[in-house]
Amino acid sequence: MAEKGSISIHAQNIMPVIKKWLYSDKDIFLREIVSNGCDAIAKYKMLVARGEKTAREAYRVDVVCDKDAGTLTVTDNGIGMTANEIKKYICQVAFSGAEEFLKQYKPEEGDKGGIIGHFGLGFYSAFMVSKKVVIDTKSCEEGAQAVRWTSEDGMAYEIEDSDRAEEGTSVILYLNDEDKEFANMWTVRSVLEKYCAFMPVEIYVSEVVKPEEPKEGEEGEEKKEPKDVAPVLVNDVHPLWMKKPNECTDEEYREFYHNVFHDYDDPLFWIHLNAEFPFNLKGILYFPKLKNEFSSSEGVIKLYNNQVFVADNIKEVIPEFLMLLKGVIDCPDLPLNVSRSFLQNDGYVRKMSDYITRKVADRLMSEFNTKREDYQKYWKDIHPFVKYGCIRDEKFFSRVKEAIIYRTTAGEFLTAKEYKQRNCEGDETLMYYTSDEKRQAQMIEMFTSQGKDVVVMDTLIDNHFMSFLEYAAKEDQVKFRRVDAGLDGLTEEGETDVEAEKKLQELFREATGEKELDVKLATLKSDEMPAMITVEEQSRRFTEMSREWGGGMQMPEKRTLTLNRKHPLIAYLEREDGDADMRKTVCEQVVDLAEMARQPLTAERMVAFLKRSTKILGLAVKE
């Protein structure tokens, strides 16, 4: 016979879970208790707006630390609770007083009156640090009796009348011995500044200081009572992101950035997010100035829910590549789980993520189109972020590709289209680039002397970005070739002396010991270079990426040594009438010089090169 029933959850079973596993960080209990106080005030303000209550002179939440008593007290002057409301909202785990209040008073659509809470579990986080919790409260209902609720474990409790006179609520936490740090004002202030720095109600922190005892022998001293240290305001109830963009000055944006992120450098620029449909989202994203290529990889984007801090760098809302930025995002409609620390993954969140990405892309395009001179100045700082974003997000790339610029060795900045107009023929855009301006200066000069622009691609992300443009974005027809990858346009036309080329190849292979070295004989347009070493672009890139990622399979590079026929050293070798030892020395020196024009020599080769150079200088002086 089938039997139906419902699962029963008992407090003695769930409380250990709440105390140990509900929240990822223990200090988060203070955020929950203070949030409840802010909600109580928000509810009272809603009653005032309806004409049912008289406005208070000031609204505030006070957090008082008492090290001697080992207590932490959070007091608000909000709506308060009756005995029945305590039984309903406190004694039933997961029954949300915030949700019940909103259903009862039905605020205008899209307006929650600033109420933060979504869950009935927040209060019970107090038991993570407390051996006893007391709620002393008086409802704002006319004639309501003040009540006190006491529990030592969150399961058994006692409710009794209280002599409290002021409307509002005090939550007194008697801290566990191992959690007495939360009775220290500076510890509590730090936690409040972390989680509550922008809550919509003024929050003050203070501590009770025990007076010094009279010294032995002193007479006439009356016993002094403990006194409160002057309360310190810890939050800004009107954060900059809650204002409209046209109400904010550049100085305010910079000041907010310095205060929140403790970065002494000014941000490059910022984006003020202000969406109301299809979701409510506000925030400010800053492009920080990078001190080096990856100094901002630990960027911080703080996520808020109704001005309450949730977490840093929530990847469900903030795409990974945007983590290079710094900023704040506040979305009251975030689908949080009960700990408010992690997002439920749904389509709504993805739409928010797409919106943020689009706004960032739009701002980059705006900067490029309207402030190109400034944009070029901070391209060095933002290009790793832009390139990484293009690689990771196809939609982002499609939006910003026209704003991708390349610095030339002459210090100009060109888009791919502009480079093509100045340097290319046909449909394909072939960009010549250098990965090391100083080391490859001689080869760069060969191109620039022919009127070709050479762009600089010298950061770690550039190899990946070039491969992305060539293979993942084929419709843009952009190809990259390093200045040492070929000799297109760098040689003069003329017939090749196959026999001389073959003899020189044998000579250089024997001198260097490289049996597979490919040697070509040509007439370079440069009179100064005796030879060039070129490596096929894709072969070199594959080798470099294998080395970068620690790949076990290392393919040897396909190197070609091109000898400049009109250079005196090569003419000397062609004559075949010199001393065999000197011919070998010249071959080795020519190869090393050509290699050094591309990349550093190995330590062993560098030692040999220096010894050889000294020997050659000695011979020159001797002669």
Side-chain angles (χ1 to χ4, degrees), residues 9-38 61-76 90-91 93-94 117 119-137 148-158 169-197 199 203-211 213 226-229 231-232 234-235 308-312 337-342:
I9 299 177
H10 297 284
Q12 60 265 34
N13 295 329
I14 198 173
M15 283 309 299
V17 176
I18 291 173
K19 292 177 73 171
K20 187 170 184 180
W21 300 112
L22 177 61
Y23 294 93
S24 52
D25 298 303
K26 183 182 286 189
D27 61 5
I28 216 166
F29 79 91
L30 191 53
R31 179 191 73 178
E32 297 301 306
I33 303 302
V34 172
S35 294
N36 288 343
C38 292
V61 174
D62 281 276
V63 182
V64 180
C65 309
D66 191 332
K67 286 190 288 188
D68 293 319
T71 62
L72 181 66
T73 302
V74 180
T75 300
D76 68 75
I90 301 297
C91 301
V93 176
F119 311 102
L121 292 174
F123 164 74
Y124 284 91
S125 63
F127 289 96
M128 293 177 13
V129 297
S130 307
K131 57 189 175 184
K132 182 171 78 170
V133 178
V134 174
I135 301 174
D136 192 26
T137 182
R148 179 181 288 108
W149 178 93
T150 305
S151 177
E152 296 186 358
D153 55 10
M155 294 177 280
Y157 62 86
E158 178 181 320
T169 301
S170 293
V171 179
I172 305 101
L173 282 64
Y174 292 81
L175 299 167
N176 300 324
D177 291 340
E178 64 271 23
D179 295 309
K180 289 291 179 65
E181 62 181 303
F182 294 111
N184 180 287
M185 177 176 171
W186 297 107
T187 299
V188 170
R189 179 174 178 176
S190 175
V191 175
L192 290 171
E193 288 175 346
K194 174 183 178 182
Y195 292 110
C196 311
M199 281 190 180
I203 301 166
Y204 293 85
V205 62
S206 62
E207 66 177 335
V208 176
V209 178
K210 184 179 180 180
E213 296 291 337
K227 61 181 181 179
D228 290 349
V229 171
V232 176
V234 298
N235 65 322
V308 181
F309 177 71
V310 175
D312 290 326
N337 65 9
V338 292
S339 74
R340 297 192 198 167
S341 297
F342 302 97

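Nothing here was measured: the structure is a model prediction, and the numbers come from that model.
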Grab the two heavy atoms, one from [X] and one from [Y], that are nearest each other, plus how far apart they are.
| X | Y | value |
| --- | --- | --- |
| R31 | C196 | CA-SG, 4.2 Å |
| S151 | W149 | CB-CH2, 3.3 Å |
| A126 | L173 | CB-CD2, 4.0 Å |
| K67 | E207 | CE-OE1, 4.0 Å |
| K180 | D177 | CG-O, 3.3 Å |
| C65 | A183 | CB-O, 3.1 Å |

* In sequence, state the C-alpha distance, the side-chain angles, and the governing distance for L72 and L30, and then conclude on side-chain contact (heavy atoms from CB on, under 4.5 Å). => CA-CA 10 Å; L72 181 66; L30 191 53; 4.0 Å; yes

* Test salt bridge (Lys or Arg N to Asp or Glu O under 4.0 Å) applied to K194 - qualifying residues, sequence neighbours left out ->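 Testing K194 for salt bridge (Lys or Arg N to Asp or Glu O under 4.0 Å), a comparison that skips the adjacent residues, returns D27.
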
* To do: Mind checking salt bridge (Lys or Arg N to Asp or Glu O under 4.0 Å) for D68 and listing every partner two or more places apart, or none if nothing turns up?
  =>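 Checked D68 against salt bridge (Lys or Arg N to Asp or Glu O under 4.0 Å); zero matches.
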
Quick one: side-chain contact (heavy atoms from CB on, under 4.5 Å) partners of [X], sequence neighbours excluded?
| X | answer |
| --- | --- |
| T187 | E181, F182, N184 |
| K132 | V134, T150, E152, Y174 |
| T75 | T73, R164, S170 |

* Asked: Where do I90 and F123 land on the side-chain contact (heavy atoms from CB on, under 4.5 Å) test, with the steps shown first?
  -> CA-CA 8 Å; I90 301 297; F123 164 74; 3.7 Å; yes

* To do: With the side chain counted from C-beta on, respond yes when E32 and F29 share a heavy-atom pair under 4.5 Å apart, and no when they do not.
  =>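 Counting from C-beta outward, E32 and F29 never come under 4.5 Å.
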
* To do: Answer yes or no: is there a side-chain heavy-atom contact under 4.5 Å between V63 and R189?
  =>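 Contact flag for V63/R189 side chains = no.
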
* **Evaluation steps, side-chain contact (heavy atoms from CB on, under 4.5 Å), between V64 and S206** => CA-CA 5 Å; V64 180; S206 62; 3.6 Å; yes

* To do: Starting at CG of N235, measure out to CD1 of I203 and round the result to the nearest 0.5 Å.
  =>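 Atom-to-atom, N235:CG and I203:CD1 are 4.0 Å apart.
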
* Which distance, rounded to the nearest 0.5 Å, do you find between the CZ of F309 and the CD1 of I28? ->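 It is 8.5 Å, given to the nearest 0.5 Å.
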
Between the side chain of [X] and the main-chain N/O of [Y], is any donor-acceptor distance below 3.5 Å?
| X | Y | answer |
| --- | --- | --- |
| N176 | E178 | no |
| D76 | V61 | no |
| D66 | V208 | no |
| S130 | L175 | no |

* Can you label the angle between the Y124 ring and the F127 ring as parallel, tilted or perpendicular, going by 30° and 60°? =>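 Taking F127 first and then Y124, their aromatic rings lie parallel (interplane angle under 30°).
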
* Contacts of type side-chain hydrogen bond (donor to acceptor under 3.5 Å, both in side chains), residue D136, not counting sequence neighbours ->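 By the side-chain hydrogen bond (donor to acceptor under 3.5 Å, both in side chains) rule, D136 matches S162.
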
* To do: Give the C-alpha distance, both sets of side-chain angles, the deciding distance and a yes or no for side-chain contact (heavy atoms from CB on, under 4.5 Å) between Y195 and V34.
  => CA-CA 10 Å; Y195 292 110; V34 172; over 6 Å; no

